[in-house]
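Quick one: this structure, given as structure tokens, is what I'll be asking you about.
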Amino acid sequence: MSSAVRINSETDTLPASAPDTSPVSGGPLASAPASEAPAHRDVVLDVRDLKTYFFTYDGVVKALDGVSFKVRRGETLGLVGETGCGKSVTAFSITRLIPDPPGRVMSGKILYRGANLLWNLEREATFKPIRNTGRVKIRRRFRQIRAAMDRMSAVRGGGVSTIFQEPTSAMNPIFSISDQIGEALLLHRGMEIVDALLNAKPDDPAVAAAIDHALEVSRHGTNSEVRAAALAIGTAVGVPSLGVQAYYILREAGPSAPESKPEILHALRRLKFSGLQRAYLRRERRIAELRKRANEVYLTEMRTGSPQRMARVNLSRQRTTANLRTLYLSLWGIRRHVRRTVQNELYWRTVATLEGVGIGNPVQVARGYPHELSGGMLQRVMIAMALSSEPDILLADEPTTALDVTIQAQILELMRDLKSRVGTAIVLITHDLAVIAEVADRVCVMYAGHIVETAPVAELYHRPLHPYTQGLLASIPRLDQPDKELTSIPGSVPNLITPPTGCRFHPRCPHAMPVCKTEHPPTTVEGSGHTVACYLYTGPVAVE
Amino acid sequence: MPGEPPVVLSARNVRKLFPIRGGVFSTRIGDVRAVDGVSLDIHEGETVGLVGESGCGKTTVGRLLLRLIEPTSGQTYYRPPPETFDRLQEIYRELGPVPADDGAATSPSPETVKLLSELDRIADQYSIYRQRHKNLARVREKLQIVFQDPFSSLSPRMLVRDIVAEPLEIHHVGSRSQRYQRVAELLQEVGLNPEHLWRFPHEFSGGQRQRIGIARALALRPELIVLDEPTSALDVSVQAQILNILQKLQREQRLAYLFISHHLSVVRAISHSVVVMYLGKVVERAKTDELFTRPLHPYTQALLSAIPIPDPALKRERIILKGDVPSPAAPPPGCRFHTRCPAVMPICSSVEPPLIEVRENHWVACHLYPDPRIAPEGTDPLVPAGSPLPGTPDPLGPSSGLSAAS
Amino acid sequence: MSAEISAETAGGAPATPEVRRGRRPNPRIAQMKRTWYFLRRNTLAMVGLGVIIFLVFVAIYAATQPYPWTSMTPYCVYTPGSPNTFCEGQPNSICVYAQGTVAPAPNCYVTPTAYPSFVAPTFSLVPFHTGPLPLGSFVDASVGVSGSYFYNLYQGILRGSDWSLTFSFSIVGLGASIGLIVGAISGYFGGVVDEALMRFVDIMLSIPQLLFVLIVIAVVSQLAIFGDSLSTRITFLILGFVVVFWPLYARIVRGQVLVTREQKYVEAAKASGANSGRIIRKHIIPNSVYPVFVQMSLDVGSIPLTIGALIFLGFTAIFPTVSFPEWGTLSALSVNPSVLTNLLTSYELNLPVFVPWWMMLFPGIMLFMFAISVNFISDGLRDALDPRLRR
């Protein structure tokens, strides 16, 4: 494939209303149950009073100073704010990807499925301010930090998945797309995949029947009929990705379908594994199982607050044993032979996932490399990768900022579509209020490390309460209001090493009152689901 | 045109091809047609907005107008006197649209030869591409540029004072202390504290750095500033501040701007006229209000509908273009937009549409408007969902000639 | 990705120090203070700095010391099989020959020549322990430490500090400067200039360094137009090395310049009308020196070794005498090829073989300390100056 030619999704991008025919059942892109009213959904992520500081030469940057919000199942929460307000820091604090010097999550609680992700935080480091300077001496306990990072591996990817801002640099350029998505698939759904492979029944008579039926249909059926028939092959064998492969074989063959029977049979024969391959699959299954158990152990630790050292040690020992016992499988020729099984499977699952995000030629794209794709396509690939592990929450860090307007429209369309189909909760971080208006259900507005206003999206745009939100909305040039004057908020974002006392917005606020300088205003409820942190409003204080 | 302020820069048929080298001896195997015949005029004191997506060549146009890159062909005239400018317009109208390949396929007629030699004479006098580099110093003072990325457009190892004073130093303006005095004045004009002279760029936020860049551009009292996406890397409220400063400076100093951006809403707020580019060609050109209320080219319509509006209650019919922008190294034949156009017709893939004045001062390059007749009324991108855009051919109708989905 | 949540974006507007009334804060001094703060926190860099300062003091001290001519007791070394005209009648004494010189008096002094005292080419020839020698081990063994001469190891190391530091820093400094200019010109202008210069650099780099230095020095010193004194020989030595070392810097700098010249501030300078010279001087070079420092720190340690290699190969004309007090030379001289031949003889004759390991070890240790300290310091400086590590 010439690397000078960009792969374009010129053929088609699947329209939003395409019936979902993703073969991977229970997969991330299968239809989700109908969403209920927001207020009654349960809370997936509960962030309470999160504080993150950065310790620099110039002083302590109080990037987040008590941030609290909840994310409910299936809703899209928008986190809006300007540069320096701390929205990216929030996302990275949740998954604990803050670079440790200079940053540290100081305190707070992040509850995910009842487990506090910040358990044992106090024991990870001690702080001692240095006299006469603004700096702080930090002594880190690396054992606790390492243990904490291990615990986070139970949550990252499978529970909370992230999409980054620059798709062109967030992917590894030396691995193909199918390798990268395959890695994510294997890591988080390894057991399911390997089970399917081990229990494959290629010799089942139903399979041969299904193949013949599919060939029959492909002669004169519509695309979706052929697809359904091909997927039926997969179901008959017990390996859904074979169905996908069969579909693409038939599609490529076009009218000369019956001649592709040997190809399908060849693919089928690949499922008859040799002894070595079975041994490899069993090892992979064992490792996946151990990983799952380890994740459970970590979650238990975080939930109950008691370290499960014995369990962890046992599991790591078992993992080492499993690896050592099958070390012979890593010998050069054998390794290639056994890995082929899983690679093939992962490749076709990748193709299925790429279909789900609306890429028109997934077979080519999966085989290709990141530098061959344009920004919009790469962002789709990243979304596919993030969703392939079926996370509960998707953190999208400025996903469309680096893209052109028309491509951004495509991606937002895709996200809306996925929202209705898949039902993952999304935390969308951006500085573009217009993007939020398109996609989000609820919005949190952040300023200088605090959340100043939270509201359902329509409410926020029609009845912005906090002066900062009002100022922001007034300064956006709008296409439908061309004569609107662009008012800007006077002043600039404060220096977070020495933030203003009390409400951090008071130096720029047109309604500042003496009380604003004293203490940070409490968050009060001003309407259904609408909370503000401002002394102008005197509703009841919001309860956690 | 009488009543309009004088022209500062007039670009005609500017073309820039970047050779693609391949093979053993790096022979030229093709060209990237980054800018393929772009014409625009910028008058004193007005802002021309140049919009398009990445890869459309708008950044290259900005640099070509300042001769930071050498063009492959075409001319850019600096301050031609009004009579000369009118004559230029006549000549170009007579010559008609330039063919796609610059090679002289057919021998020109005698009238064409006469016109071309007259053009040559005018170009020798006023075109900035004909001057030697050393003589360009005077012109360079008057044409400045502000870059997109405030983080890399200021040399990290120089003090702000030196950065802003550099243009003055290069042109030997005044003595050292006079220069620094002027730097302090400039910083105040853009809203920065003169104390900031003594710092390094990395100590400032993005908005402040962009202001330093603007101060630097203002140092030599230019007549035209090319603003290459000046607010794309900035936040919304900072963007508003920068735009306000730019407008204030324009009023006070009668500056002309070429505002290059892909943010149509920002362009609408600040521009007097707008030029839309796609893959190196101008597809539509009109006054701002006209373009935004009556966009004629399908690409413009798609662009306008793609922009998200910060109002969740406003639902619109969105024209989502399929596919990605083709590579400028291998542009589609005929109309370059035809691969993504919702209103594509068979002629679009073979013949390139010329840029024609369809309404008064509203130019479009599209086969939907083959004759310079008045386009129908009522094309509004913000028409509520459900109603088709009146006057344009129905994209899903039988006559549209959409190729069957493969 | 972690660069995006650096403290800067986390901190909003970066901290700008308050302006004191009446006095302009000098930002360059503030930057230096900050660099020093980070350097201080880097233990290895501090150790390295300490070592280098110590070596400088050693050099200064050595220069102040008068050369110990008369305090040495001469010895005669008897090498079996060689004529020992000066040791006749003194069967228990060790008489020393300095290669090329003839001991003029029966006491086996070696007269100093007309060189300035701190150079004192022949140190007096006492092995490391200055007491009476265990004659048994020397007399009937082929001691052959560095030919047929001893030298005073202590004096050698002391004075070697001066010479090694001088050579290293001057050669690397000059070579880097020349390479910087050539690389900047080549990278900035591109086209034919770039091709021509880079091919020239390639040719120079394809010749093995050692051989090249040898040839250059040998050829130049043949010209004999500058006379033959210590300073000319040293100059040829330094220039010879510089000629060989600069191409690598040119190539490194060119690579960095290719990146720097695409930066927006260079374009802005062009738009303001700056000519190429100004751009190269003010914009390109200050922003492209970074990789030079890396290479410099690596090269500094290798210079004395290269000199030693030249001496070992027998190219002794670069120094006025062979036993020049320079660490590389000392290490090279401590290995005598003729030990091998003498070894065979000694084995045949059943004589004990004595190879004084300390002669090689101590100059080697000094060299090692020097090279690694320079490396530590440069690592520390790089970390402290790196704008991306916002700490």
Side-chain angles (χ1 to χ4, degrees), chain A residues 4-13 15 81-85 360 373-377 400 403-410 412-413 431-440 456-458 460-462 468 471-480 482 484-490 492-493, chain B residues 20 22 51-55 205-208 233-244 247 262-270 288-289 292-293 299 302-314 316 318-327 329-330 339-340 381-382 405-406:
Chain A
V5 175
R6 281 277 171 84
I7 300 181
N8 289 328
S9 57
E10 276 176 10
T11 43
D12 49 354
T13 33
E82 307 184 282
T83 313
C85 73
L373 303 183
S374 64
M377 296 277 277
T400 55
L403 305 172
D404 287 325
V405 168
T406 49
I407 309 290
Q408 174 177 294
Q410 288 179 348
L412 291 178
E413 182 81 20
H431 64 267
D432 192 345
L433 279 164
V435 166
I436 294 280
E438 299 267 330
V439 185
V457 64
L460 191 89
Y461 287 87
H462 290 136
Y468 176 62
L472 265 191
L473 287 171
S475 63
I476 305 178
R478 293 182 53 156
L479 214 51
D480 53 337
K484 189 184 80 140
E485 199 187 303
L486 289 180
T487 54
S488 56
I489 309 175
S492 57
V493 183
Chain B
I20 310 175
V51 296
E53 292 180 297
S54 55
S205 67
Q208 289 170 315
L234 305 174
D235 291 318
V236 175
S237 63
V238 178
Q239 173 176 283
Q241 288 174 341
I242 300 284
L243 291 177
N244 286 337
Q247 284 181 314
H262 60 265
H263 259 129
L264 275 165
S265 26
V266 172
V267 168
R268 184 170 198 179
I270 196 176
T288 312
D289 284 331
F292 282 87
T293 48
Y299 179 61
L303 263 188
L304 288 173
S305 84
I307 298 167
I309 299 238
D311 188 344
L314 192 69
R316 308 173 281 158
R318 308 195 87 196
I319 307 173
I320 307 266
L321 295 175
K322 30 180 223 248
D324 293 314
V325 183
S327 151
T339 50
R340 303 171 81 196
L382 299 179
S406 53

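Each chain gets a letter, A, B and so on, in the order its sequence line appears, and its residues count up from 1. Keep in mind that this is a model prediction, so the values were computed, not measured.
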Validation row: Asn244(B), Ser488(A) side chains within 4.5 angstrom (heavy atoms): yes

Which heavy atom in Thr487(A) sits nearest to a heavy atom in Ala240(B), and how many Å separate them? O-CB, 4.1 Å

Set of side-chain hydrogen bond (donor to acceptor under 3.5 Å, both in side chains) partners for His431(A), sequence neighbours left out: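 Residues passing side-chain hydrogen bond (donor to acceptor under 3.5 Å, both in side chains) with His431(A): Glu398(A).
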
Chain A shares the most heavy-atom pairs under 4.5 Å, among Pro308(B), Ala306(B), Gly207(B), with Pro308(B)

Measure across Asp311(B) and Ala437(A) and return the closest heavy-atom pair with its distance rounded to 0.1 Å.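 In terms of heavy atoms, the two residues are closest at N-CB, 3.7 Å.
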
Heavy-atom closest pair, residues Thr406(A) and Arg340(B):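 It is OG1-NH2, 3.8 Å.
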
Heavy atoms only: give me the nearest Val236(B)-Glu82(A) pair and the separation to one decimal.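 It is N-OE2, 4.0 Å.
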
Heavy-atom distance under 4.5 Å between the side chains of Gln241(B) and Leu486(A), does that happen here?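 They are not in contact (no side-chain heavy atoms under 4.5 Å apart), so the answer is no.
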
Between Gln247(B) and chain A, with a heavy-atom cut-off of 4.5 Å, which part of the residue counts as in contact: side chain, backbone, both or neither?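 Neither part.
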
For chain B, which of Leu412(A), Ile436(A), Asp432(A), Ile476(A) has the most heavy-atom pairs under 4.5 Å?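 Top option by heavy-atom pairs under 4.5 Å: Ile476(A).
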
Pick one of side chain, backbone, both or neither for Leu243(B), based on which atoms fall under 4.5 Å of a heavy atom in chain A.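 Side chain only.
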
